[in-house]
Trainee: 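Starting off with a structure, shown below.
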Amino acid sequence: MLVERGLRVMNVGVVSDAYAIAADYLCRTGAIVDVFATNEQLLTIIVQLFERGEYNKIRLANKAIAKFEALVE
């Protein structure tokens, strides 16, 4: 599914898949406590990376995890 965001088009499937991968990992490590609530900070990181041109969901998730962990520490 494509959603228009300003003048750019965002593939919601890639963003949501990357979020699911990153959130699952971060929940298992204990960095995110609430599994059922969307972590706005993680979602913001993923959207920013996507807008900068990262479209591969695995790389997107890995980069988001690294950035999130760096912010939490």
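Only a predicted model underlies this, so the values are computations on that prediction, with no experimental measurement involved.
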Trainee: Hey, could you give me the CD1/CD distance between I46 and E51, rounded to the nearest 0.5 Å?
Mentor: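 One finds 12.5 Å between CD1 of I46 and CD of E51.
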Trainee: Enumerate the residue pairs fulfilling salt bridge (Lys or Arg N to Asp or Glu O under 4.0 Å) with a member in residues 32-42, sequence neighbours excluded, ordered by first and then second residue.
Mentor: none
Trainee: Nearest 0.5 angstrom please: R59 CZ to L49 CG, how far?
Mentor: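 Rounded to the nearest 0.5 Å, the CZ-CG separation comes to 11.5 Å.
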Trainee: Just wondering, do V14 and F50 contact through their side chains at under 4.5 Å, heavy atoms?
Mentor: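 Yes, at least one pair of side-chain atoms sits under 4.5 Å.
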Trainee: State yes or no: do V72 and I65 share one hydrophobic cluster built from I, L, V, M, F, W and Y residues joined by side-chain heavy-atom distances below 4.5 Å, directly or via other members?
Mentor: yes
Trainee: Hydrophobic clusters here meaning ILVMFWY residues chained together by side-chain heavy-atom distances under 4.5 Å, can you tell me if V33 and F68 are in one?
Mentor: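 No, no single cluster joins them.
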Trainee: Which pair of heavy atoms, one from G13 and one from S16, lies closest together, and at what distance?
Mentor: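 In terms of heavy atoms, the two residues are closest at O-OG, 3.1 Å.
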Trainee: Please report, to 0.1 Å, the donor-acceptor pairs under 3.5 Å made by any side chain of residues 19-27, with sequence neighbours excluded.
Mentor:
unit_1 : atom_1 : unit_2 : atom_2 : d
Y19    : OH     : N39    : N      : 2.7
D24    : OD1    : R28    : NE     : 3.2
D24    : OD2    : R28    : NE     : 3.1

Trainee: Give me the atom names and distance for the closest heavy-atom approach of A61 to A18.
Mentor: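 Closest approach of A61 to A18: CB-O, 3.6 Å.
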Trainee: Once you round to the nearest 0.5 Å, how far does CD1 of I32 lie from CG of L42?
Mentor: 5.0 Å
Trainee: Check whether any side-chain heavy atom of D17 lies under 4.5 Å from a side-chain heavy atom of I58, and answer yes or no.
Mentor: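 D17 vs I58: side chains apart.
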Trainee: Taking only residues two or more places apart in sequence or in another chain, which ones pass side chain to side chain donor-acceptor pair (under 3.5 Å) with K67?
Mentor: none
Trainee: Taking the side chain as every heavy atom from C-beta outward, state whether N56 and E54 have any pair of such atoms under 4.5 Å apart.
Mentor: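 Yes, at least one pair of side-chain atoms sits under 4.5 Å.
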